[in-house]
Amino acid sequence: MLRAHLTANPRTPIAPINRRLFGTFVEHLGRSVYDGIYEPHHPSADPEGFRRDVIELVKELGVSTIRYPGGNFVSGFRWEDSVGPREQRSQRLDLAWHSTETNEVGLLEFSNWLSKVGSELMLAVNLGTRGTQEALDLLEYSNLRSGTTLSDQRAHDGHPEPYGVSMWCLGNEMDGPWQLGHRSADDYGKLAAQTARAMRAFDPSLELVVCGSSSASMPTFGEWERVVLTHTYDEVDYISCHAYYEDHGDTAEFLASGVDMDRFIESVIATADHVKAVRGSTKTINISFDEWNIWYNERFEKVDKIQGSQNWPVAPRLLEDVYTVTDAVVFGSLLISLLKHADRVTSASLAQLVNVIAPIMTEPGGGAWRQTTFFPFAATSAHAIGSVLPISIECETYDTRTFGSVPLVDATATHDTEGGSTAVYLVNRSQTDAIEVSIDLGGLVLRSPSARTLSDTDPLAANTLTDPNRVTLQANSSLTQSHTTLTIVLPPISWTEIHAHGIIETKEI
């Protein structure tokens with residue numbers, strides 16, 4: 001059996017964990033909204049048409065903030081279509097996903113749903129086909145208490161109190177040629193800065209996210225961030241990162257996807273800090289990693305993609321990827337990467353939430369179930385509290401074509417000094433070998449620690465409509481504690497959480 005050693009230092013934490021790291025994303029795309037969160041004729045539907053079974057799963061997932069309504073969808077979206085009496089709302093073509101949008105679920109309905117699941121709204125404005133004035137109108141409609149045509153319209157529409165949206169995305173993936181209204185970095189940076197200044201004239205406390213690169217593989221990556229931030233640095237709080245991963249047939253490389261996310265984050269930080277230095281600013285720009293997941297985009301391009309000028313379906317089945325154990329292990333390693341950079345990544349949105357590349361799946365008129373990726377997210381959201389701890393890992397490595405030599409074990413740890421709650425998250429990237437890991441938590445002696453592992457003898461096992469409980473987290477009975485050291489065996493291709501609700505004592509070293 002292979003062996004590894006992990007050391008964590010609770011005395012010098014990296015940063016507090018911002019709860020917004022556990023955000024997700026609902027876009028008007030495929031069956032995310034219609035037949036996903038909203039299905040008025042479903043047996044579990046509440047009086048507003050929302051599926052109660054989905055509400056319970058979203059609450060179990062532990063979602064903090066939800067980015068809405070896009071995504072690519074927002075770059076052609078007229079927000080006025082989503083307010084007012086339902087029977088008077090316009091049906092529109094969604095050019096991003098070649099569908100018809102009924103606008104049956106709009107801002108009021110989605111806000112009501114958010115109150116049911118206990119999540120915060122993060123709104124994106126259209127800077128693709130629209131601009132500064134439309135963003136200001138949406139802000140006034142959403143956040144002004146009363147006294148103007150737009151604020152009074154909101155009250156008349158059924159929401160007397162302001163929505164109070166504090167976090168706003170200034171467009172979406174404007175570096176991408178696929179995006180309606182795609183612009184150069186220079187043109188987008190000017191528009192984003194203008195819009196940000198106008199929105200801050202209404203409320204200086206707003207938190208604004210400017211578009212970074214839609215992928216680290218974009219030919220403009222790096223230079224896009226530099227130019228956009230040169231225009232917007234004084235006006236915004238965040239720059240976005242987006243990243244999706246899929247297995248192209250090299251599982252060893254796929255398992256190392258977290259290395260790519262680490263490098264992506266660190267490159268964006270370096271660029272933002274370069275602009276900070278050039279400007280002589282004292283302000284620090286953080287990262288909103290507001291799209292991340294496993295996405296089999298190649299399948300979408302070859303199978304799902306809708307075409308034809310007369311073919312515009314409502315809520316088609318799009319991007320309904322079925323996730324395996326291997327996918328969930330990579331997904332868990334991406335969560336580890338986000339936590340390791342909690343000093344600068346202070347907001348993140350798993351894309352997406354229901355049906356569309358999602359941890360939750362539904363069948364119209366039928367059941368709802370947890371995909372394999374549900375479990376790492378729910379466990380981490382529940383137990384990764386307090387601060388992230390710096391760690392060092394000694395373990396074997398393996399060679400990859402793209403990332404070079406990669407550690408077989410990836411890990412992070414969190415600790416809450418007030419409640420004593422401690423968690424360790426570990427990934428075994430080996431496809432063949434179990435690894436025994438000894439863990440030194442810097443003198444912390446945990447109270448009744450327990451461990452759960454996601455793995456399977458079949459790394460392609462998945463949860464489906466006909467077998468919704470095939471894969472779950474299982475107790476890992478190999479965990480032992482001796483004084484200040486934990487020892488655990490990680491199966492091949494596995495994700496593991498060790499958690500303790502408190503500490504017995506802290507031994508000085």
Side-chain angles (χ1 to χ4, degrees), residues 22-69 71 97 99 102 104-105 109-119 121 293-296 304 313-325 327-328 331-332 335 349-382 452 454 456 461-474:
F22 305 108
T24 60
F25 178 25
V26 170
E27 181 172 2
H28 282 254
L29 191 178
R31 296 193 310 120
S32 178
V33 174
Y34 309 109
D35 287 348
I37 67 172
Y38 178 79
E39 189 181 341
H41 301 298
H42 191 272
S44 76
D46 68 13
E48 294 180 88
F50 294 111
R51 289 184 57 153
R52 290 188 177 95
D53 55 352
V54 173
I55 289 171
E56 291 307 309
L57 286 175
V58 173
K59 289 163 69 175
E60 180 185 339
L61 194 62
V63 175
S64 57
T65 303
I66 299 182
R67 181 171 175 250
Y68 178 83
W97 302 107
S99 308
T102 66
E104 188 174 354
V105 172
E109 293 79 19
F110 190 72
S111 175
N112 290 344
W113 181 79
L114 285 173
S115 68
K116 299 172 191 284
V117 300
S119 297
L121 177 60
N293 204 351
I294 313 300
W295 176 15
Y296 285 86
D304 284 354
V314 174
R317 289 182 181 264
L318 292 175
L319 283 64
E320 298 193 12
D321 290 349
V322 177
Y323 291 126
T324 67
V325 167
D327 292 327
F331 180 99
L335 276 169
S349 303
L350 166 64
Q352 295 191 20
L353 183 57
V354 183
N355 287 331
V356 173
I357 54 173
I360 298 169
M361 298 297 292
T362 72
E363 185 65 17
W369 65 98
R370 305 164 187 83
Q371 292 232 61
T372 59
T373 54
F374 183 100
F375 301 103
F377 190 101
T380 307
S381 176
R452 297 183 296 171
L454 191 147
D456 199 278
N463 293 340
T464 62
L465 174 63
T466 56
D467 194 0
N469 299 309
R470 170 69 175 82
V471 179
T472 62
L473 284 173
Q474 300 290 334

| So do T24 and F377 actually touch side chain to side chain, heavy atoms under 4.5 Å? |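 Of all side-chain heavy-atom pairs linking T24 with F377, at least one is under 4.5 Å.
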Gap between atom [atom2] of [Y] and atom [atom1] of [X] - 0.5 Å precision:
X: D456; Y: T324; atom1: CG; atom2: OG1; answer: 10.0 Å
X: D321; Y: N355; atom1: CG; atom2: CG; answer: 11.5 Å
X: E320; Y: T362; atom1: CD; atom2: OG1; answer: 7.5 Å
X: R67; Y: L121; atom1: CZ; atom2: CG; answer: 12.0 Å

| field | Worked verdict on V471 versus L454 for side-chain contact (heavy atoms from CB on, under 4.5 Å) | value | CA-CA 8 Å; V471 179; L454 191 147; 4.2 Å; yes
Got a sec, which residues hit side-chain hydrogen bond (donor to acceptor under 3.5 Å, both in side chains) with [X], two or more places apart in sequence or on another chain?
X: S381; result: R19
X: T464; result: T466
X: T65; result: E120

Using the test salt bridge (charged side-chain N to carboxylate O under 4.0 Å, His left out), find all partners of [X] that sit at least two apart in sequence or belong to another chain.
X: R52; answer: none
X: D304; answer: R299
X: D467; answer: none
X: E39; answer: R51

Tell me, please, which residues at least two apart from [X] pass ring-ring contact (aromatic ring centres under 6.0 Å, His included).
X: W295; answer: Y244
X: F22; answer: none
X: F110; answer: Y68, W113

| Sequence-distant partners of E363, side chain to side chain contact (heavy atoms under 4.5 Å, CB included), two or more places apart |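 Listed in chain order: R317, W369, L465.
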| request: Tell me, please, which residues at least two apart from E60 pass side chain to side chain contact (heavy atoms under 4.5 Å, CB included). | output: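 Counting only residues at least two positions away or on another chain, E60 forms a side chain to side chain contact (heavy atoms under 4.5 Å, CB included) with L57, R370, F374.
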| Knowing that exactly one of E48, E109, E104 qualifies, which makes a side chain to side chain donor-acceptor pair (under 3.5 Å) with Y38? |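 Output: one option passes, namely E104.
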| message | Under the side-chain contact (heavy atoms from CB on, under 4.5 Å) test against K116, which residue among V54, V58, D46 passes? | response |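 Considering V54, V58, D46, a side-chain contact (heavy atoms from CB on, under 4.5 Å) with K116 is found only for D46.
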